[in-house]
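Beneath this line is the structure, given in structure tokens, with notes to follow.
Lettering of chains follows the sequences in order, A, B, ..., and the numbering in each one begins at 1. These numbers were taken from a predicted model, which means no experiment stands behind them.
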Number of protein chains: 2
Amino acid sequence: MAQLPNCICFNLRRVARIITQEYDAELRQRGIRSTQTPILQALCRREWWSMAELSEWLGMDRTTLVRNLRPLERDGLIESKGGGHGVPVEIFITAKGRKHVEEFTPAWRTAQARIIDTLGDEQWSSLLDQLEKAAERIRK
Amino acid sequence: MAQLPNCICFNLRRVARIITQEYDAELRQRGIRSTQTPILQALCRREWWSMAELSEWLGMDRTTLVRNLRPLERDGLIESKGGGHGVPVEIFITAKGRKHVEEFTPAWRTAQARIIDTLGDEQWSSLLDQLEKAAERIRK
DNA sequence: GTTTAAAAAGTGTATATACACAACAATGAA
DNA sequence: TTCATTGTTGTGTATATACACTTTTTAAAC
């Protein structure tokens, strides 16, 4: 009977869905999505990234990242030099992309603050730490 | 600099991805996916469900559930009576579906056990409790 | 130098997710 | 009866996710 609520995968996915919707409700007004913000934020940190580096940094499957970059490139927020089968690619954020980051950051902060209000800062910190620890151990 | 790792949404999604991959690695051999197992498990608990009831129980957007049921119905694991625009639908698991549940449950247990090993049972319990609490408060 | 292995990127396919919208049914009010 | 409201379901569209596979380059082995 209590088997379903006991599934860690299911529960984690469910909470991730709920929280994603919360962030997206804020970010939508700025024409951006919760998956895209960390990509643009990562691109701000460096001159450029290769596909493999960026996917490693984001903890995102490389082939997933390939598709996730498409709307961003289409909208001119990022660009890529090189690339294609076997050819290394340089991915970088454009000026327009940086401007977008400036514009959506307040909305991101609002969403983040609303979530933190639910449990408190320390509790979320410790919670994410534990999840991070679990993730690391799974990967080995 | 530490802005990216501080995003709760991003980190939660990332861990959810990793754990989902872990479950799927086990479940794949049984021809089922991590999203589908809780659906079939829920259907085992009742004679039938309406679309709205089931989506509410699973904490899944109703329109998402509509699409997620399709492969299950195509493969004969579930069936539906009624339905269509505006017409209530009765969703229920088939004999084949129940057999599938029996067959994938060991794989599910294996995956679950591997995850629990990473942090311990009590820690996962408390972690999911806190996530649940946060999710509830967000919904209000 | 050729062959082989490893590294890097992209594609095919299938599922997952959800907002905006549409279609229809049932019920109660005018 | 007709009309408006509410509840139930499905569709259009777009993004997210990842495994299996392919293509190409580079580097190492021989």
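- Atom CZ in Arg13(B) sits about 9 Å away from atom P in dA18(C), given to the nearest Å.
- Proximity note for Arg17(B) (side chain, C-beta onward) versus dC19(C), dT9(D), dT17(D): the nearest is dT17(D).
- Using a 4.0 Å cut-off, some side-chain N or O of Gln21(A) falls inside it from OP1 or OP2 of dA18(C).
- Backbone-only contact: Arg74(A) has heavy atoms under 4.0 Å from sugar-phosphate atoms and none from a base.
- Residue Arg67(B) is in base contact, counting any heavy-atom pair closer than 4.0 Å across all strands shown.
- At a threshold of 4.0 angstrom between heavy atoms, the contacts of Thr35(B) are confined to the sugar-phosphate backbone, with no base atom among them.
- Checked by atom type and distance alone, the side chain of Trp49(A) pairs as donor or acceptor with a backbone atom of Ala42(A) at under 3.5 Å.
- Formation of a donor-acceptor pair under 3.5 Å by the Thr94(B) side chain with backbone atoms of Gly76(B) is found in this model.
- Both Asp24(B) and Ser34(A) lie close to DNA chain D; mapped to their nearest nucleotides by heavy-atom distance, the more 5′-ward contact belongs to Ser34(A).
- Checked against dT11(C), dA16(C), dT15(D), the side chain of Pro71(B) finds its nearest nucleotide in dA16(C).
- The separation between Leu54(B) atom CG and dG10(D) atom P is 12 Å, rounded to whole Å.
- Note that CG of Leu27(B) and CD of Glu22(B) are 10.5 Å apart. Values are rounded to the nearest 0.5 Å.
- Across the protein-nucleic acid pair, Leu72(A) atom CG and dA14(D) atom C1' stand 13 Å apart, rounded to whole Å.
- When rounded to the nearest whole Å, the span between CD of Glu22(A) and C1' of dC19(C) equals 15 Å.
- Each of Val87(B) and Glu53(A) lies near DNA chain C, and the nucleotide nearest Glu53(A) is the one positioned closer to the 5' end.
- Atom CG in Asp61(A) sits roughly 15 Å away from atom P in dA8(C) (whole-Å rounding).
- Computed from coordinates, the Tyr23(A) OH to dC19(C) P distance equals 16 Å when rounded to whole Å.
- Glu56(A) CD: 12 or fewer foreign heavy atoms inside a 6.0 Å radius.
- Computed from coordinates, the Leu58(B) CG to dA16(C) C1' distance equals 13 Å when rounded to whole Å.
- If you check every strand for non-hydrogen atoms under 4.0 Å, Ser50(A) touches sugar and phosphate atoms only.
- In this structure, Thr64(A) reaches the dA18(D) phosphate: one of its side-chain N or O atoms is under 4.0 Å from OP1 or OP2.
- Nearest-nucleotide mapping onto DNA chain D: of Met60(A) and Val89(B), the residue sitting toward the 5' end is Val89(B).
- Here the side chain of Val66(A) is nearest to one of dG10(C), dA8(C), dG10(D), namely dG10(C).
- With hydrogens and angles left out, the side-chain atoms of Ser126(A) and Gln130(A) include a donor and acceptor closer than 3.5 Å.
- Here the straight-line distance linking atom CD1 of Ile8(A) with atom CZ of Arg114(B) works out to 13.0 Å at 0.5 Å rounding.
- The side chain of Arg33(B) lies closest to dA16(C) when the candidates are dT15(D), dT11(C), dA16(C).
- For the pair Arg28(A) CZ and dA16(D) P, the interatomic distance rounds to 13 Å; values are reported in whole Å.
- Taking for each of Arg62(B) and Asn68(B) the nucleotide of DNA chain C with the nearest heavy atom, the 5'-most of the two is the partner of Asn68(B).
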